[in-house]
Amino acid sequence: QVQLVESGGGLVQAGGSLRLSCAASGRTFSSYAMGWFRQAPGKEREFVAGITRSGGSTSYADSVKGRFTISRDNAENTMYLQMNSLKPEDTAVYYCAARPGTYYSGSARDYNYWGQGTQVTVSS
């Protein structure tokens with residue numbers, strides 16, 4: 001198993017930036033592809049970004065492409081999400097997730113392990 005803990009959320013004005021972290025413990029972090037998801041009130045959980053277990057390939061939802069950057073440091077067992085040019089519609093609880101293997105998935109059902117989430121609120 002792997003345990004995931006997110007941090008870095010908070011309240012920011014539109015146009016601002018935040019960096020989320022996802023710290024992993026347990027089995028080898030580099031064995032897992034990783035993803036960031038978010039869920040706004042009354043909406044389904046949606047894919048934000050994914051990264052392969054080596055960090056060599058990434059993917060983004062169209063809504064965040066060009067503004068968000070996913071990365072990972074396997075030596076530090078940590079994944080990051082740098083969020084720039086934030087918009088009010090980015091307001092949500094952000095979750096990190098892990099799945100065994102090389103490739104990420106855009107579907108939440110494909111991930112085995114989840115963090116508890118961190119709230120991001122963007123004011124207009």
Restricting to side-chain contact (heavy atoms from CB on, under 4.5 Å), what partner residues turn up for Glu44, sequence neighbours left out? none

So which atom in Phe47 and which in Ser59 form the shortest heavy-atom distance, rounded to 0.1 Å? CZ-O, 3.9 Å

Scanning both residues in full, the closest heavy-atom pair of Leu4 with Ala98 reads CD1-N, 3.9 Å

Only counting residues at least two apart or in another chain, list the ones meeting side-chain contact (heavy atoms from CB on, under 4.5 Å) with Glu76. Asp73, Thr78

Sort and list the pairs that fulfil salt bridge (Lys or Arg N to Asp or Glu O under 4.0 Å) and have at least one residue in residues 8-17, not counting sequence neighbours. none

Residue list, side-chain hydrogen bond (donor to acceptor under 3.5 Å, both in side chains) with Asn112, at least two apart or on another chain: none

Going only through I, L, V, M, F, W and Y residues with side-chain contacts under 4.5 Å, is there a path from Trp36 to Val64? yes

Residue pair Trp114 / Arg45, side-chain heavy-atom distance below 4.5 Å: yes

Determine whether a donor-acceptor pair (N or O, by modelled atom type, separation under 3.5 Å) exists between the side chain of Gln39 and the backbone of Ala92. no

Cluster check Ile51, Leu20: I/L/V/M/F/W/Y, side chain < 4.5 angstrom: yes

If you look only at pairs with a residue in residues 57-108, which of them pass as a ring pair (Phe, Tyr, Trp, His ring centres under 6.0 Å), with sequence neighbours excluded? none

Applying side-chain hydrogen bond (donor to acceptor under 3.5 Å, both in side chains) to Thr121 and not counting sequence neighbours gives Gln119

Applying disulfide (SG to SG under 2.5 Å) as the test, list every pair that has at least one member in residues 34-93; sequence neighbours left out. none

Atom CG of Leu81 and atom OG1 of Thr118: how far apart are they, to the nearest 0.5 Å? 11.0 Å

In this structure, CD of Gln82 is separated from CD1 of Ile70 (nearest 0.5 Å) by 12.5 Å

If you look only at pairs with a residue in residues 89-124, which of them pass as a disulfide (SG to SG under 2.5 Å), with sequence neighbours excluded? Cys22-Cys96

Looking at side-chain heavy atoms only, is the closest gap between Met83 and Val120 below 4.5 Å? yes

Of all residues at least two apart in sequence or in a different chain, which pass the side-chain contact (heavy atoms from CB on, under 4.5 Å) check with Ser85? Arg67

Those residues that, when tested against Glu46, pass side-chain contact (heavy atoms from CB on, under 4.5 Å) (two or more places apart): Arg38

Would the distance check show the side chain of Thr52 and the main-chain N or O of Ser57 forming a donor-acceptor pair, the cut-off being under 3.5 Å? yes

Give the cluster check for Phe37 versus Met79: same hydrophobic cluster or not, with ILVMFWY residues linked at side-chain heavy-atom distances below 4.5 Å. no

Exercise: identify the closest heavy-atom pair between Asp110 and Ser105: OD2-OG, 2.6 Å

Is there side-chain contact between Gln13 and Ser123, with at least one heavy-atom pair below 4.5 Å? yes

OG/Ser71 to CE/Met34 distance, rounded to the nearest 0.5 angstrom? 11.5 Å

Which heavy atom of Ala14 sits nearest a heavy atom of Ser124, and at what distance? CB-CA, 4.4 Å

Any residue meeting side-chain hydrogen bond (donor to acceptor under 3.5 Å, both in side chains) with Lys43, in chain and number order, not counting sequence neighbours: none

Can you tell me how far apart OG (Ser54) and CG (Asn74) are? Round to the nearest 0.5 Å. 8.0 Å

Between Asp62 and Lys65, is a salt bridge (Lys or Arg N to Asp or Glu O under 4.0 Å) present by the stated rule, with each step listed? CA-CA 5 Å; Asp62 287 343; Lys65 202 171 293 183; 3.1 Å; yes

Residues that Arg19 engages under side-chain hydrogen bond (donor to acceptor under 3.5 Å, both in side chains), provided they are two or more places apart: none

Reported CG-to-CZ distance for the pair Asn77 and Arg72, which is rounded to 0.5 angstrom: 9.0 Å

